[in-house]
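This one's a predicted model, so the numbers in the text were calculated from it and none came from an experiment. Basis for what follows: all heavy atoms, side chains included, without hydrogens, waters or symmetry-related copies.
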Amino acid sequence: MVSPASEPVEIKRGKKVGSPSRSEVGSRQSAINRLVTSPPLAQSFSQLSKSQPLSSIQNTNDNYLSSSGKFPAASSFGSLNPISETSIDIPQQKKAEIVKKHLVTEADSPDDNLADSYALNSTSFKLPGGDATHEVYKWHAEVENAPMKRTRSRSLYLPRPIDPETSNIREPGGFRRHHVIMKARKAGKEPPNMIRSFIDFLAMYGHFAGEDLSDDEEEEDDNDDDYEPIALESAPLLPRERNTTDGTASPSKAVFLLLKSFVGTGVMFLPKAFYNGGMAFSSIFLVFIALISLCSFLLLVRTRTHYPYSFGDIGNALYGSWMRFAVLFSITISQIGFVCAYMIFVAENLDSVAEQVLGIRLQIYVYILIQILVYVPLAMIRRISKLSFTALIADAFIMFGLLYLYYFDINQLVKEGVSDIAAFNPDDFALFIGTAVFTFEGIGLIIPITESMKEPEKFPKVLTGVMIFISVLFTSIGALSYATFGSEIKTVVIINLPSTDPLVQTVQLLYALAILLSIPLQLFPAIRIMEQGLFEKSGKDDPYVKWQKNIFRTLTVFVCALISWGGASDLDKFVSLIGSFACVPLCFIYPPLFHYKVARTFGAKMLDVSILIFGVFSLFYTTHVTIRKWGGE
């Protein structure tokens, strides 16, 4: 098969219809010249032809793919650290396609001589400033023509051991880079961030002529202060072959991430769930849910060792596109359900505080509508990292609320004793199952946290330890609060606290603010999944498409508010329905189905089947009971 790059190109004389003007071509080439001839890059460029033959990079495409098969994201120009060797892992052919969009080709040039010189693979020196950019055109031509070249086979290859501390010294600016890194380490500081090559910079950030090439609509970080001089100084024009690592997170950081993903609003619904199930049944069954959830999480992690893809892509690889759609549908429904439940939670807490502090008594839907004014602007944010400040504040408020709840429950039990409780509630125990699954739902973050670890093989032990801890936390909160308030327990347990106490009012307000600030993070994945399915084009350079997406995001917030209004009357049943219908498939159906395809032993397959049967039973039985009870009352 003939490579497209080698096909003859017919060049027509005269200006082409729709082709750029001479001034536009000159402007594009000038933008390239300004980047390439800037002082930090000039020295790297002058040493380019001496550092490494171009042919040595032609067969290294596989080394530029990350283990997940996706291009790693970065939030700023200086986020790529050569110490961890986590650079921009994009295949050479993909880089060439991206860079080609900004090179002056026969389709762009209004000058016949310029078009002929490029089409005949002659030279780019006739372009304005062509002496400075010739190597970029040369690199692009060699990468495009690489599939046409035949390489010699070798019978024996013994690679030399590589010292990561000195492996890059021979690159342009290598001694300077090494000196800066070692100096920072001796001073106990973090080494400065650097990029590996000029081509990597163009391919990742697309700053040729200031254009962003990313497929999504991420806003640029565009603060020039973020572009550290050492980062530019260290960048040769062409990429070098190097090894990459999958992640840098330590086990302790993974523990922190897991705790953040599991501990949230769900714990506040558990005391009412204990009332629905009974003290003995709920305590035992919550531990069982934790155990079976842990098994499902580990099954997903093991499946990913065979298919290192995302959750939905694993389903696509094993069962086809319909399974990927099912996984994404469940994720979307569950995230929207979380948002709706959280909006009701915030509304009830704001109502309690307003009544006691301001003496105002309003309907719940008024507080839900007020939240729309906050969520609509936050829903317009395209980069999730910009919501990180809200997550940090929310975590601090949640921790404060949990500590106070522990203090109040223990103090009240010491003074008043145990309230009226039941060991088992035969009428409403099914509602407990859905709420328990809702509380433990964190499977969406299992794969990302695994990928972030420097030593992923330690993740099962880390996850097991975290699940033991949160099982104790959830069981103790549910049991203590149920024992304290008994049959008077409310769906949101902090509403039971004495509302006339200023400290209690502070706890209710801070916890409501914590959940209010975390709702945009919960809504973000659902919006992105739906947008990818509904919109084929990006709104980055198309205002019409961008406004369509803005309207869609606004409507999504209003739909969530409408659902919240409908579920506010029976929040405990609403939470149970979300857990039964949306969370059970994600946790107890998809992971065993996936692992069954890769399991090698009879015992492993039987474990998969057992979890699958439990998941299917929980899905249909608890959903049916919840809907029947909701409709019958």
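The main-chain N or O of Thr303 is never found under 3.5 Å from a side-chain atom of Lys597 such that the two would form a donor-acceptor pair. No donor-acceptor pair closer than 3.5 Å links the side chain of Gln335 to the backbone N or O of Ala526. A donor-acceptor pair under 3.5 Å links the side-chain atoms of Arg553 to the main chain of Ala379, judged by distance alone.
Using bins of under 30°, 30° to 60° and over 60° for the plane-to-plane angle, the ring pair Tyr590/Phe594 lands in the parallel bin. Taking the six-membered ring where the residue is Trp, Phe329 and Phe325 present parallel rings, their angle staying beneath 30° rather than reaching 60°. Relative ring orientation between Phe297 and Phe262 is described as tilted, the plane-to-plane angle lying within the 30° to 60° band. The aromatic rings of Phe614 and Phe288 stand perpendicular to each other, their planes meeting at an angle above 60°, with 30° marking the opposite boundary.
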Only pairs under 3.5 Å count here: list side-chain donor-acceptor contacts from residues 340-348, not counting sequence neighbours, and write none if there are none.
none

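No hydrogens or angles considered: nothing links the side chains of Asn316 and Ser321 as a donor-acceptor pair under 3.5 Å. Side chain to side chain, Gln356 and Ser499 meet the donor-acceptor criterion of an N or O pair below 3.5 Å. When only modelled atom types and interatomic distance are considered, Asp313 and Ser310 share a side-chain donor-acceptor pair under 3.5 Å. Of the N and O atoms on the side chains of Ser476 and Tyr406, at least one donor lies less than 3.5 Å from an acceptor on the other residue.
Checked against ring pair (Phe, Tyr, Trp, His ring centres under 6.0 Å), Phe429 has the following partners two or more places apart in sequence or in another chain: Phe281, Phe424. For Tyr365, the ring pair (Phe, Tyr, Trp, His ring centres under 6.0 Å) partners are Trp565, not counting sequence neighbours.
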